[in-house]
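From a predicted model like this one, the values you see are computed outputs, not experimental measurements.
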Amino acid sequence: MRRLKELALPLRRSLHRHHRPPPQRSAGIIGAAFWRGQSRLGVHEGPDRIRSSGLLERLKQQGCAVKDYGNLVFDDVDESSVGLLKSVAAVGGANRRLSEAMKAVKMDGHTAVMLGGDHSLAIGSIHGHSAAVGELSVVWVDAHADINTPLTTYTGNFHGQPMSFLLHELHSKVPVLPNFSWVKPCLSAKDLVYIGLRDVDPAEHYILKMLGVKVFSISEVDRLGVARVMEETCDYLTTRGKKPVHLSYDIDAIDPSVTPATGTPVVGGLTYREGVYITEHLSQTGLLSAVDLVEVNPQLGKTEADVQSTVNTAVDLLLGCFRRLREGNHPTDYTLPEP
């Protein structure tokens with residue numbers, strides 16, 4: 001009996017040592033119900049559908065403090081074009097408003113969560129984040145690179161161009177546009193990693209190669225496995241210093257069999273498990289400072305089950321960003337019973 005007690009004591013100490021509660025994290029949530037960066041109605045409904053599926057309550061259940069800043073109001077509905085570019089002033093104005101809001105959330109001390117809306121909103125989200133904390137690293141999880149410039153875009157949709165406005169290296173390639181004079185590049189190409197790419201335009205492919213951007217295409221996820229991809233991603237980013245990480249997550253990175261309610265689905269995407277693992281891994285680094293979750297479009301699901309699968313996956317991705325454990329949240333003060 002004495003021997004069993006002697007064995008139990010160091011085991012209890014070990015359990016305490018390895019299961020200490022993680023530091024409290026707080027989520028500051030902003031809804032950006034904006035759709036004019038692309039042409040399909042419905043993506044503006046994403047923020048409220050994600051909230052109504054229990055995001056705030058489930059974050060609180062896993063020990064996260066939450067402040068919901070509500071949805072931004074976008075008054076500029078100017079849909080005029082500049083050449084091929086669509087709704088230029090509206091996109092520029094919405095992103096300026098979002099940049100200011102993201103900066104305020106970060107200054108309040110939260111991990112910022114931007115619920116989109118379309119992916120053009122990454123301009124304002126990343127810009128505002130950088131304005132608050134300085135230099136960033138960005139992990140961009142998406143089927144698409146979204147790095148076309150206004151001069152290389154085939155569609156004129158701004159949700160395919162946000163990265164070109166943010167990179168120092170592309171500043172000279174971006175023309176002067178109405179309502180965009182406030183945007184100043186805030187990101188180096190060496191601080192950017194893409195994960196899950198599988199539909200890249202020729203011009204984007206050229207830009208990525210020219211700038212030497214780190215890319216893990218879906219083929220490389222298949223070849224290496226998502227765990228190694230995330231290890232290499234974090235090793236790569238931290239070689240330049242442990243900068244705050246901005247995760248910009250397009251729901252179409254996940255295979256459309258799981259998340260069909262989105263505007264530009266591409267078959268052969270990340271599995272649910274791979275998609276969530278990415279968020280969990282970044283959360284464990286302690287560097288995750290802001291998250292975008294964009295392109296959930298409830299109007300594009302063929303059935304309500306399609307919509308709910310997409311929305312539920314979005315919620316789970318966000319829970320992963322705040323140290324959700326899929327094996328369950330277990331008490332951290334557990335001790336073995338005395339024999």
Next on the checklist: Check whether Ser81 reaches the backbone of Gly83 with its side chain - one donor and one acceptor, N or O, closer than 3.5 Å.
Outcome noted: no

Checklist outcome for this item: Sorted by chain and residue number, the salt bridge (Lys or Arg N to Asp or Glu O under 4.0 Å) partners of Glu304 (sequence neighbours excluded) come out as Arg49

Checklist entry - By side-chain contact (heavy atoms from CB on, under 4.5 Å), which residues pair with Pro244, not counting sequence neighbours? => result His129, Val133, Leu136, Ser289

Checklist entry - Is Glu79 paired with Lys86 through a side-chain N to carboxylate O contact shorter than 4.0 Å? => result no

Next on the checklist: side-chain contact (heavy atoms from CB on, under 4.5 Å), that's the test. Do Ile50 and Val315 meet it? Break it down for me.
Outcome noted: CA-CA 6 Å; Ile50 292 170; Val315 170; 4.0 Å; yes

Checklist entry - Tell me, which pairs form a ring-ring contact (aromatic ring centres under 6.0 Å, His included) where one or both residues lie in residues 200-231, sequence neighbours left out? => result none

Checklist entry - Taking the side chain as C-beta and beyond, is there a heavy-atom pair between Glu204 and His144 under 4.5 Å? => result no

Item to check | Test item: side-chain donor near acceptor, Thr262 and Asp252, under 3.5 Å | outcome: no

Checklist entry - So does His168 have more than 12 non-hydrogen atoms from other groups sitting under 6.0 Å from NE2? => result yes

Next on the checklist: As an exercise, state the distance from CZ of Arg97 to CG of Asn95, rounded to the nearest 0.5 Å.
Outcome noted: 12.0 Å

Checklist entry - Is any side-chain heavy atom of Trp140 less than 4.5 Å from a side-chain heavy atom of Leu192? => result yes

Next on the checklist: On a heavy-atom basis, which atom in Pro298 and which in Gly46 lie closest, and how many Å separate them?
Outcome noted: CD-N, 4.1 Å

Item to check | Inter-residue atom distance Asp108.CG - Ser26.OG, 0.5 Å rounding | outcome: 9.0 Å

Item to check | Joint hydrophobic cluster, Met114 plus Ile29, side-chain heavy atoms closer than 4.5 Å | outcome: no

Next on the checklist: Are Val82 and Leu84 connected into the same hydrophobic cluster when the rule is that any two of I, L, V, M, F, W, Y join if their side-chain heavy atoms are below 4.5 Å apart?
Outcome noted: no

Next on the checklist: If I compare all heavy atoms of Met102 with all of Ser125, which pair ends up nearest, and what's the gap?
Outcome noted: CE-OG, 3.1 Å

Checklist entry - Any side-chain heavy atom of Gln62 sitting closer than 4.5 Å to one from Leu319? => result yes

Next on the checklist: On a heavy-atom basis, which atom in Leu166 and which in Ala122 lie closest, and how many Å separate them?
Outcome noted: CD1-O, 3.8 Å

Checklist outcome for this item: Using a 4.5 Å side-chain heavy-atom cut-off and chaining through intermediate ILVMFWY residues, the residues clustered with Leu41 come out as Trp35, Val43

Checklist entry - So, does Asp292 use its side chain to make a donor-acceptor pair with the main chain of Val294 at under 3.5 Å? => result no

Item to check | Close aromatic pair by centroid cut-off 6.0 Å: Trp182 and His127 | outcome: yes

Checklist outcome for this item: Sequence neighbours excluded, the answer for salt bridge (Lys or Arg N to Asp or Glu O under 4.0 Å) partners of Asp48 is Arg51

Next on the checklist: Within the 4.5 Å heavy-atom criterion, are Val66 and Phe322 side-chain neighbours or not?
Outcome noted: no

Checklist entry - Does Glu274 use its side chain to pair, donor to acceptor, with the backbone of Thr271 at less than 3.5 Å? => result yes

Next on the checklist: Strictly distance-based, threshold 3.5 Å: is any side-chain N or O of Asp255 a donor or acceptor partner for the main-chain N or O of Gly268?
Outcome noted: yes

Can you list, pair by pair, the side-chain donor-acceptor contacts under 3.5 Å of residues 219-228, counting residues two or more places apart and other chains?
from	atom 1	to	atom 2	distance (Å)
Glu220	OE1	Ser217	N	3.2
Arg228	NE	Glu232	OE2	2.7
Arg228	NH2	Glu232	OE2	3.3

Checklist entry - OG1 of Thr239 to NZ of Lys190: how many Å apart, nearest 0.5 Å? => result 10.0 Å

Item to check | Enclosure of Met107 CE (heavy-atom neighbours >12, cutoff 6.0 Å) | outcome: no

Next on the checklist: What I want to find out is whether Asp316 reaches Arg58 closely enough, with some N-O distance under 4.0 Å, to be called a salt bridge.
Outcome noted: yes

Next on the checklist: Can you list everything that forms a ring pair (Phe, Tyr, Trp, His ring centres under 6.0 Å) with Phe74? Sequence neighbours excluded, please.
Outcome noted: Phe34

Checklist entry - What orientation do Tyr69 and His110 show, parallel under 30°, tilted 30 to 60°, or perpendicular over 60°? => result perpendicular

Item to check | Connected via hydrophobic side-chain network under 4.5 Å: Leu98 and Leu177 | outcome: yes

Checklist entry - Does the side chain of Val138 come within less than 4.5 Å of Val193's, by heavy atoms? => result no

Checklist entry - Is there a side-chain contact between Phe180 and Pro150 (heavy atoms, below 4.5 Å)? => result no

Checklist entry - From Ile30 CD1 over to Asn71 CG, what is the distance, rounded to the nearest 0.5 angstrom? => result 10.0 Å

Checklist entry - Of the non-hydrogen atoms in Ser164 and Ile147, which two are nearest, and what is the gap between them? => result CB-O, 4.0 Å

Next on the checklist: So, using side-chain contact (heavy atoms from CB on, under 4.5 Å) as the criterion, who are the partners of Lys243 when residues are at least two apart?
Outcome noted: Glu135, Ser137, Asp191, Arg240

Next on the checklist: Pair Asp118, His44 - check side-chain hydrogen bond (donor to acceptor under 3.5 Å, both in side chains), show working.
Outcome noted: CA-CA 8 Å; Asp118 70 68; His44 63 290; over 6 Å; no

Checklist entry - So, Arg198 side chain and Val266 main chain: donor-acceptor pair closer than 3.5 Å or not? => result yes

Checklist entry - Are the side chain of Ser87 and the backbone N or O of Val91 linked by a donor-acceptor pair below 3.5 Å? => result no

Next on the checklist: Would you say that Cys321 contacts Leu247 through its side chain, given a criterion of any heavy-atom pair below 4.5 Å between the two side chains?
Outcome noted: yes

Checklist entry - Any donor and acceptor pair, going by atom type alone, linking the side chain of Thr310 with main-chain N or O of Asp306 inside 3.5 Å? => result yes

Checklist entry - Rounded to the nearest 0.5 Å, how far does CG of Leu318 lie from CG of Leu115? => result 6.5 Å

Checklist entry - What's the verdict on side-chain hydrogen bond (donor to acceptor under 3.5 Å, both in side chains) for Ser53 and Gln308, showing C-alpha distance, side-chain angles and the deciding distance? => result CA-CA 8 Å; Ser53 290; Gln308 204 56 55; 3.1 Å; yes

Next on the checklist: Measuring from atom CZ of Arg273 to atom CD1 of Ile278, what distance do you get when rounded to the nearest 0.5 angstrom?
Outcome noted: 13.5 Å

Checklist entry - Can you list the residues that meet the side-chain contact (heavy atoms from CB on, under 4.5 Å) rule with Thr152, with sequence neighbours excluded? => result Asn148, Thr149, Ala203

Checklist entry - Distance-only, no hydrogens or angles: does the Asn297 side chain make a donor-acceptor pair with backbone N or O of Gln299 under 3.5 Å? => result yes

Checklist entry - Is the side chain of Ser120 donor-acceptor paired with the backbone N or O of His159 at a distance under 3.5 Å, no angle test? => result no

Next on the checklist: Do Val307 and Leu300 land in one hydrophobic cluster if side-chain heavy atoms of ILVMFWY residues count as linked below 4.5 Å?
Outcome noted: no

Checklist entry - How would you list all residue pairs meeting ring-ring contact (aromatic ring centres under 6.0 Å, His included) that involve residues 285-305, not counting sequence neighbours? => result none

Checklist entry - Does the side chain of Asp146 reach to within under 4.5 Å of the side chain of Ser248, using non-hydrogen atoms? => result no

Next on the checklist: For Val276, is there any backbone N or O sitting under 3.5 Å from a side-chain donor or acceptor partner on Thr279?
Outcome noted: yes

Checklist entry - What residues form a side-chain contact (heavy atoms from CB on, under 4.5 Å) with Ala253, not counting sequence neighbours? => result Val141, Tyr249, Leu270

Next on the checklist: Hydrophobic clustering (ILVMFWY, side-chain heavy atoms < 4.5 Å, transitive) - are Tyr194 and Leu288 grouped together?
Outcome noted: no

Checklist entry - Looking at residues at least two apart in the chain, or sitting in another chain, which of them share a side chain to side chain donor-acceptor pair (under 3.5 Å) with Thr259? => result none

